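This chain uses plain numbering: 1 for the first residue, then up along the sequence. Treat the numbers as computed from the prediction; the structure is a model and nothing was measured.
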Amino acid sequence: MKKLQSLLLVLLLIFFCFFFASSQPEISEDIEEISSIQEDDTFDPLTWKNNHTKVRGIYVTGPTAGTQRMDEIINLVNETELNTIVLDVKDDNGNISFEMNNAYALEIGACIPYIKDINALLKQLKDNNIYVIARVPCFKDPILASAKPELGLCTYAGEPVTDLYGNAWVNPCRQEVWDYIISICESCAELGFDEIQLDYVRFPVGTNAEQANYGTVIDDTNRQEYINTFINQICASMHEMGVPVTADVFGTIIHSQIDAEHVGQDYQTFASTLDVLCPMIYPSHYASGEFGLEIPDAAPYETIYEALSYSKNILSSLDSDEVAVIRPWLQAFDATWVDGYIEYDGTAIRKEIQAVYDAGYEEWILWNSKSIYSSDGLVKVNDKKF
């Protein structure tokens, strides 16, 4: 009997070992598969930074994107060194450029279908190997301010806080405003945009902005805290969806702490939090005497080079792996209001681009509010070296 029990015990042990050995690889493969899925869905800023498209882009308005001119723009990209389009998803008036499947945007009537079929447009751009960035202005939003007055930014006298053109702002301290912007960005990510670019991610300046009532105590010591908290929230949401986040900033905050504190944009903090930072260093926006230049607008190379040299210096104390990609906006328009202005033709634009490279940066975007561009000053496709 004991021999029989021993034999049964041995057989049981053999069966258990065989079962465990045969089932173990299947469990291991499942773990590897799950791990692989998690890695694919998780956005790693450093990996993206080292492998992303080196952007050479142009800005395109919603109304332009909804016309046949878009075919001309796509041809321009295909024929030159350009590879990216920054598309106005939400314009400076708060209008969404197409019928977005977003309950909040639909509720407030923000959608104007300049672009009749956004999916078809995105497919066309992707078929032409064009990197597509969704531009989303944040706190200047007349549509939201009108539809949700409680979110609009007003003075203590009850007057709307507006820019020079009468466009109303919303309160950058309100979580409800942040939630709306984040929802727009999430909708863009779901549509397949490659990147989210935030504009007007700051406190207002000019006109009656100094009399703004934020519903809480606001001064230059805590403006940056509000903006940084919003940035952290939107980066967390977009990174979970695998999409990088960019922000446009005033060029002057690079070297002016006063400007940085007043609008709530800290260059170093932004560069440590965001994936891409886009300083707007249009020569026409610098006053006479800036960088030692009598007319910065008439010195495109010198102005861009000096502004980006300041950028290099300010960010030099940060770990290079933790610093955002610096991708400046360049001027592609004539600033006729500036005394001594020059025509920003192909020669001027090429000087700006060369200044970017000479300052040690690789990426840039051209700004023209009417989305009017030519191949002048751009490297033709046959000369591309990338």
Side-chain angles (χ1 to χ4, degrees), residues 89-96 104-105 108 110 134-186 188 196-238 245-250 252-253 256-274 277-280:
V89 166
K90 178 173 175 281
D91 65 24
D92 295 358
N93 294 313
N95 299 310
I96 306 296
Y104 206 156
I108 66 174
R135 178 177 178 264
V136 181
C138 296
F139 304 127
K140 184 164 75 169
D141 192 331
I143 297 294
L144 181 59
S146 175
K148 301 283 184 179
E150 70 276 13
L151 301 181
L153 187 60
C154 294
T155 66
Y156 284 95
E159 296 294 325
V161 172
T162 63
D163 65 9
L164 292 173
Y165 305 100
N167 294 313
W169 282 65
V170 289
N171 193 337
C173 302
R174 294 287 295 267
Q175 180 67 51
E176 298 94 327
V177 173
W178 300 357
D179 290 342
Y180 173 59
I181 298 166
I182 291 172
S183 77
I184 296 299
C185 294
E186 289 175 343
C188 290
I196 301 297
Q197 185 174 84
L198 308 175
D199 202 357
Y200 294 99
V201 57
R202 59 174 174 81
F203 281 74
V205 294
T207 59
N208 57 354
E210 297 308 312
Q211 289 79 50
N213 176 12
Y214 295 97
T216 186
V217 177
I218 290 294
D219 53 37
D220 285 354
T221 62
N222 66 359
R223 292 173 191 257
Q224 292 177 352
E225 294 177 11
Y226 277 99
I227 298 301
N228 292 338
T229 301
F230 167 67
I231 290 292
N232 285 330
Q233 285 190 19
I234 202 164
C235 283
S237 176
M238 291 298 95
V245 182
T246 302
D248 302 333
V249 298
F250 277 155
T252 56
I253 73 164
S256 172
Q257 187 60 28
I258 294 176
D259 287 353
E261 291 176 351
H262 197 58
V263 300
Q265 295 180 335
D266 180 75
Y267 198 66
Q268 279 192 329
T269 301
F270 271 28
S272 299
T273 308
L274 292 153
L277 201 52
C278 296
M280 298 176 287

Open item on the list: Would you compute the distance between atom CD1 of Ile231 and atom OG of Ser272 and round it to the nearest 0.5 angstrom?
Closed with: 12.5 Å
Task: Side-chain heavy-atom pair Asp259, Val263 within 4.5 angstrom cut-off - done: no
- [ ] With rounding to the nearest 0.5 Å, note down the distance linking CD1 in Ile181 to CG in Leu144.
- [x] 8.0 Å
TODO: Could you check if a side-chain atom of Tyr180 sits within less than 4.5 angstrom of a side-chain atom of Leu151, using non-hydrogen atoms only?
DONE: no
Task: Pairing residues for Tyr226 by the ring pair (Phe, Tyr, Trp, His ring centres under 6.0 Å) criterion, not counting sequence neighbours - done: none
Task: Minimum-distance pair of heavy atoms, taken over all atoms of Gly94 and Pro142 - done: N-CD, 4.1 Å
- [ ] Report the C-alpha distance between Val201 and Asp248 in whole Å, list the side-chain angles of each, state the deciding distance to 0.1 Å, and finish with yes or no for side chain to side chain contact (heavy atoms under 4.5 Å, CB included).
- [x] CA-CA 8 Å; Val201 57; Asp248 302 333; over 6 Å; no
Task: Pairwise salt bridge (Lys or Arg N to Asp or Glu O under 4.0 Å) hits with a residue in residues 217-238, at least two apart - done: Asp220-Arg223
Open item on the list: Any non-hydrogen side-chain atom of Asp92 less than 4.5 Å from a side-chain atom of Tyr165?
Closed with: no
Task: Check against side chain to side chain contact (heavy atoms under 4.5 Å, CB included), Phe230 and Cys138 - done: CA-CA 11 Å; Phe230 167 67; Cys138 296; 4.0 Å; yes
Open item on the list: For Tyr267, give me all partners under side chain to side chain donor-acceptor pair (under 3.5 Å), at least two apart in sequence or on another chain.
Closed with: Ser311
- [ ] Go through the structure and list residues passing side chain to side chain donor-acceptor pair (under 3.5 Å) with Glu186, not counting sequence neighbours.
- [x] Ser237
Task: side chain to side chain donor-acceptor pair (under 3.5 Å) partners for Lys140, two or more places apart - done: Asp163, Tyr200
TODO: Give, for atom OG1 of Thr252 and atom NE2 of His262, the distance between the pair rounded to the nearest 0.5 Å.
DONE: 11.0 Å
Task: Shortest non-hydrogen contact from Gly264 toward Ile227 - done: O-CB, 3.3 Å
Task: salt bridge (Lys or Arg N to Asp or Glu O under 4.0 Å): pairs with one or both residues in residues 197-216, sequence neighbours excluded - done: Arg135-Asp199
- [ ] List in chain and number order the residues that pass side chain to side chain donor-acceptor pair (under 3.5 Å) with Thr162, two or more places apart in sequence or in another chain; answer none if no residue qualifies.
- [x] none
Task: Separation of Lys90 NZ from Ile184 CD1 (nearest 0.5 Å) - done: 7.5 Å
TODO: Begin with the C-alpha distance, continue with both residues' side-chain angles, and end with the deciding distance and a verdict on side chain to side chain contact (heavy atoms under 4.5 Å, CB included) for Trp178 and Thr229.
DONE: CA-CA 10 Å; Trp178 300 357; Thr229 301; 3.7 Å; yes
TODO: Please round to the nearest 0.5 Å and tell me the distance separating atom CD of Gln224 and atom CD1 of Ile253.
DONE: 8.5 Å
- [ ] Please name the pair of heavy atoms, one in Ile196 and one in Leu198, separated by the smallest distance, quoted to 0.1 Å.
- [x] CG2-CD2, 3.9 Å
Open item on the list: Looking at Gln197 and Val136, would you say the former's side chain and the latter's main chain have a donor-acceptor pair under 3.5 Å?
Closed with: no
TODO: Might you point out which heavy atoms bring Pro204 and Leu153 nearest each other, and give the distance in Å?
DONE: CG-CD2, 3.7 Å
Task: With sequence neighbours excluded, residues passing side-chain contact (heavy atoms from CB on, under 4.5 Å) with Ser146 - done: none
Open item on the list: Among residues at least two apart in sequence or on other chains, which ones pass side-chain contact (heavy atoms from CB on, under 4.5 Å) with Asn95?
Closed with: Asp91, Asn93, Ile112, Tyr114, Ile143
TODO: With sequence neighbours excluded, tell me which residues meet side-chain contact (heavy atoms from CB on, under 4.5 Å) with Thr155.
DONE: Ala157, Glu159, Val161, Asn208, Gln211
TODO: Evaluate the side-chain proximity of Val249 to Pro279: yes if any heavy-atom separation is below 4.5 Å, no if none is.
DONE: yes
Under 3.5 Å, which donor-acceptor pairs link side chains of residues 170-177 to any protein atom two or more places apart or in another chain?
from: Asn171; atom 1: OD1; to: Cys173; atom 2: N; distance (Å): 2.9
from: Asn171; atom 1: ND2; to: Tyr214; atom 2: O; distance (Å): 3.1
from: Arg174; atom 1: NE; to: Glu176; atom 2: OE1; distance (Å): 3.1
from: Arg174; atom 1: NH1; to: Glu150; atom 2: O; distance (Å): 2.9
from: Arg174; atom 1: NH2; to: Glu176; atom 2: OE2; distance (Å): 3.1
from: Gln175; atom 1: OE1; to: Gln233; atom 2: NE2; distance (Å): 3.2
from: Gln175; atom 1: NE2; to: Asp179; atom 2: OD1; distance (Å): 2.8
from: Gln175; atom 1: NE2; to: Gln233; atom 2: OE1; distance (Å): 2.9

Task: Rounded distance [0.5 Å steps], CZ in Phe270 versus CG in Leu277 - done: 7.5 Å
